[in-house]
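First comes the structure, then the notes that go with it.
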Amino acid sequence: MSSLAGVVESAGPVSRLHGVRSYSPADFPVPSGREEEWRFTPLRRLRGLHTDAPMDLGTIEVEGSAQSDVAIVLTQHGDSRIGTALVPTDRVSARAFAAFRDATIVTVPPGVVATRPTVLRIHGESAEQAAAGHIVFEVGANASALVVLEYSGSGTYADNVEFLVGEGGSLSVVSFQNWDEDAVHLSHHAALVGKDASFAHTAVSLGGSVVRIAPSVRYSGTGGNADLRGVYFADAGQHLEHRLLVDHNQANCRSRVTYKGALQGDGAHAVWIGDVLIRAEAVGTDSYEANRNLVLTDGTRVDSVPNLEILTGEVVRAGHASTSGRLEDEHLFYLTSRGIPEAEARRLVIRGFFAELIGQIEVPELADRIMSAIEVELERGR
C-alpha cells in the first residue's frame with residue numbers, strides 16, 4: 001500500500017459535486033445551465049424533462065426474457081427494493097423516480113449462476129410525450145448474472161436503473177443506447193456492490209439526439225470490485241454525455257473506469273465526467289479511470305473532465321487519464337505503406353481503438369452488432 005504525501009484527510013467530501021441527494025424533485029431547482037452538473041447539457045433540447053412538464057403521458061414498453069430461475073416481475077412504488085441502491089442526485093432523476101408507473105424488478109436468487117443473458121428491451125414509438133421508468137436488478141449472495149439493456153425506437157424518456165449485488169455475487173451489465181435519431185434519454189444507473197462482490201457495467205451509446213447516462217457505484221462491504229466501461233460514437237448534431245461517480249466508501253475495494261469515444265460531423269458533442277471519491281475510511285483503495293476520444297472531423301466538441309478526490313493517504317492506487325485527439329499519422333502510414341487504401345486503413349485503426357472494450361462484452365452476437373453499427377457510423381462520415 002502506498003502513502004500519498006500531502007493528501008489532506010477529512011471526515012467527508014470537500015467538493016460540492018453530488019452534494020444533494022433526494023427523492024423529491026422539489027429539492028432540486030430547475031437548472032439554468034450554469035450549474036456544474038448541467039453546464040455541458042443542452043437544456044433546450046430536453047423537451048422539458050428538467051422542468052415541470054408532464055413526465056407520465058408517454059409510453060415506453062419494457063419486455064424481458066430470462067432463464068426459468070430468474071424472476072422478472074412488475075411492482076409499484078412502496079416495494080422495499082426500490083430506492084435501495086439509488087437516491088437521485090439531479091432533478092431529472094428525482095422526477096423520474098416520482099413519475100414512474102410500474103417498476104420492473106429482476107431477481108437472481110442466492111447461489112444461482114445464470115447461464116444465459118437476461119435481456120430487457122426498452123422500446124418507444126413516439127418522442128412527442130415524455131415517459132419515466134424504473135428497473136431494479138437484484139443478484140443474491142454468491143449468484144452470478146449477465147444482463148443486457150437495449151433501448152430502441154423513438155422516445156423522450158427518463159429512467160433510473162438500480163443494481164444490487166449481494167455478498168460474493170457477480171453482475172455484468174451492458175446498456176446499449178440504440179435509439180432512433182430523434183430520441184432524448186436521461187438515465188441514472190446506480191449500483192450497490194456487496195462484500196467481495198463484482199460489478200461490471202458497459203455503456204454503449206450510439207443512437208439518439210441527446211443521451212445522458214449517469215452510472216454510479218457505492219460499496220456495502222469490503223473487497224468489492226467495479227469495472228465501468230463505455231463506448232460511444234457521436235455524429236453531427238448528436239449530444240452523448242456520460243457522468244460517472246465511483247464512491248469508495250469501504251476499505252480494500254477496487255474500481256476501474258475505461259471509456260472510449262469517437263466524434264465526427266458538425267456539432268457532434270461528447271461529454272465525459274469521471275468523479276472518483278475515496279473517503280477517509282476507504283483505506284486500501286485501488287482505483288484508476290481513463291477516457292480517450294478520437295476526433296475524426298472538424299466541427300466537433302469534446303469535454304472530458306476526470307475528478308479524483310482523495311480523503312485518505314493510505315491507498316494502493318489512485319489515478320486518472322484523459323486524452324482527445326486525431327488519428328495518429330504513424331498508424332495510418334504503417335498500413336498505407338503496406339498497400340492498404342487510406343479509407344480502409346482509417347477504418348481498421350478506429351476498429352482497433354474500440355476492439356479492446358467491445359471484446360469484453362460477454363454476448364458475442366451483441367458485440368458483433370455494436371462493431372457493425374460503428375462501421376455504419378464510419379461509412380456515414382466518408
Side-chain angles (χ1 to χ4, degrees), residues 21-28 30-31 45-66 70-108 118-139 147-164 173 175-180 182-192 203 207-216:
R21 299 167 62 86
S22 174
Y23 297 105
S24 173
D27 291 332
F28 300 93
V30 176
R45 295 170 60 184
L46 299 189
R47 301 182 185 137
L49 289 176
H50 63 301
T51 66
D52 292 317
M55 196 185 274
D56 57 356
L57 301 179
T59 300
I60 298 287
E61 299 293 335
V62 180
E63 297 182 353
S65 63
V70 174
I72 303 178
V73 300
L74 290 180
T75 188
Q76 288 78 38
H77 283 279
D79 189 300
S80 61
R81 293 166 290 188
I82 297 173
T84 301
L86 175 138
V87 180
T89 57
D90 65 49
R91 181 175 175 82
V92 176
S93 178
R95 294 192 70 221
F97 190 91
F100 76 83
R101 299 169 186 167
D102 298 310
T104 301
I105 296 190
V106 180
T107 303
V108 183
T118 296
V119 179
L120 291 188
R121 294 180 174 87
I122 302 96
H123 183 79
E125 294 291 345
S126 173
E128 293 183 2
Q129 295 179 319
H134 201 98
I135 301 171
V136 178
F137 293 93
E138 185 179 33
V139 176
V147 167
V148 176
L149 293 167
E150 181 166 359
Y151 297 87
S152 64
S154 180
T156 300
Y157 191 51
D159 69 340
N160 294 299
V161 185
E162 302 186 59
F163 306 100
L164 308 173
V173 177
S175 180
F176 184 18
Q177 287 66 244
N178 192 28
W179 294 102
D180 291 348
D182 65 340
V184 172
H185 180 208
L186 278 69
S187 186
H188 187 176
H189 293 193
L192 185 61
S209 173
V210 176
V211 173
R212 170 175 153 140
I213 309 297
S216 65

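A search for ring-ring contact (aromatic ring centres under 6.0 Å, His included) contacts involving F176 returns nothing, not counting sequence neighbours. The side chain to side chain donor-acceptor pair (under 3.5 Å) search around E63 returns none, not counting sequence neighbours. Not counting sequence neighbours, the partners of E150 by the salt bridge (charged side-chain N to carboxylate O under 4.0 Å, His left out) test are R369. Residues passing the side chain to side chain donor-acceptor pair (under 3.5 Å) test with T104: none are found, sequence neighbours excluded. For D90, the salt bridge (charged side-chain N to carboxylate O under 4.0 Å, His left out) partners are R212, not counting sequence neighbours. Remark: H185 pairs with Y151, Y157, W179 by the ring-ring contact (aromatic ring centres under 6.0 Å, His included) rule, at least two apart or across chains. Residues satisfying the salt bridge (charged side-chain N to carboxylate O under 4.0 Å, His left out) criterion with D182, sequence neighbours excluded, are absent altogether. Not a single side chain to side chain donor-acceptor pair (under 3.5 Å) links R121 to another residue, sequence neighbours left out. Remark: R95 engages no residue in a side chain to side chain donor-acceptor pair (under 3.5 Å) (not counting sequence neighbours). Residues satisfying the side-chain contact (heavy atoms from CB on, under 4.5 Å) test with A103, not counting sequence neighbours, are T75, I82, F100, H134.
R47 contributes no side-chain N or O that, together with a main-chain N or O of T156, makes up a donor-acceptor pair within less than 3.5 Å. Remark: the backbone N or O of L74 is not paired with any side-chain donor or acceptor of D102 at under 3.5 angstrom. A distance-only check finds a donor-acceptor pair linking the side chain of E162 to the backbone of A85 [under 3.5 Å].
Across all their heavy atoms, A190 and L86 have their closest contact at CB-CB, 3.7 Å. Scanning all heavy atoms of the two residues, the minimum distance from A53 to T51 falls at N-OG1, 3.2 Å. Minimum heavy-atom separation, A96 to N160: CB-ND2, 3.8 Å. Minimum heavy-atom separation, S154 to D180: N-OD2, 3.8 Å. A pairwise comparison of heavy atoms in R91 and P25 identifies NH1-O, 3.1 Å as the closest pair. In terms of heavy-atom proximity, M55 sits nearest to L49 at CE-O, 3.5 Å.
Residues E138 and V108 form no side-chain contact, since every pair of their non-hydrogen atoms from C-beta on lies 4.5 Å or further apart. You'll find the side chain of V106 stays beyond 4.5 Å of the side chain of V147, heavy atoms only. For the pair F163 and V136, the minimum side-chain heavy-atom distance is 4.5 Å or more. Using a 4.5 Å cut-off on side-chain heavy atoms (C-beta onward), L120 and V148 make no contact.
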Output, in order, the C-alpha distance, side-chain angles, deciding distance and verdict of side-chain hydrogen bond (donor to acceptor under 3.5 Å, both in side chains) for T59 and E61.
CA-CA 6 Å; T59 300; E61 299 293 335; 5.5 Å; no
Is there a side-chain contact (heavy atoms from CB on, under 4.5 Å) between L164 and V139? Walk through the geometry before answering.
CA-CA 6 Å; L164 308 173; V139 176; over 6 Å; no
Let me see the working for F137 and V161 under side-chain contact (heavy atoms from CB on, under 4.5 Å), right down to the final yes or no.
CA-CA 8 Å; F137 293 93; V161 185; 3.9 Å; yes
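A distance of 8.5 Å separates CG of L149 from OG of S187, quoted to the nearest 0.5 Å. Put simply, CG on D159 and CZ on F97 are 13.0 Å apart, with the number rounded to the nearest 0.5 Å. In this structure, N178 CG and I122 CD1 are separated by 11.5 Å, a value rounded to the nearest 0.5 Å.
The stretch residues 122-133 participates, sequence neighbours left out, in these side chain to side chain donor-acceptor pair (under 3.5 Å) pairs: H123-E125, H123-S152.
R21 and T89 form no side-chain donor-acceptor contact under 3.5 Å, judged by distance and modelled atom types alone. A donor atom on one side chain and an acceptor atom on the other are found under 3.5 Å apart for S216 and H188.
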